[in-house]
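Bear in mind that the values here come from a model prediction, so they are computed numbers and not experimental data.
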Amino acid sequence: MPGPLRVSWGPALCTARPAHPRSNPVEIFFEILLVLVAVGVLAFTGLAVKKLYQGQR
């Protein structure tokens, strides 16, 4: 059984990569903010659904 087929088109267009993808403090801040907003939306959705079905007992 032959090995995997390898296709090469040449060097990549963008080879400059930062040492760490989230090394910028501003990016870290916005990532944390995004997570907090997501948690808040999920909590609000849970409370809204709870209140919605509370009147149907």
Side-chain angles (χ1 to χ4, degrees):
M1 190 163 145
L5 178 65
R6 295 184 184 200
V7 178
S8 176
W9 289 295
L13 295 177
C14 179
T15 57
R17 307 240 344 156
H20 193 272
R22 291 184 181 88
S23 58
N24 190 355
V26 176
E27 290 182 17
I28 294 171
F29 171 75
F30 282 115
E31 289 285 331
I32 293 171
L33 190 62
L34 180 66
V35 169
L36 290 175
V37 168
V39 169
V41 167
L42 288 174
F44 179 78
T45 303
L47 288 175
V49 169
K50 181 179 173 184
K51 283 288 186 182
L52 180 67
Y53 287 108
Q54 188 177 16
Q56 295 185 4
R57 290 184 193 177

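For Val37, the side chain to side chain contact (heavy atoms under 4.5 Å, CB included) criterion is met by Val41, not counting sequence neighbours. For Ile32, the side chain to side chain contact (heavy atoms under 4.5 Å, CB included) test picks out Ile28, Leu36, with sequence neighbours left out.
Hydrophobic side-chain contacts under 4.5 Å tie Leu47 to no other Ile, Leu, Val, Met, Phe, Trp or Tyr residue. Hydrophobic clustering, defined by side-chain heavy atoms of Ile, Leu, Val, Met, Phe, Trp and Tyr closer than 4.5 Å, groups Phe29 together with Val26, Phe30, Leu33.
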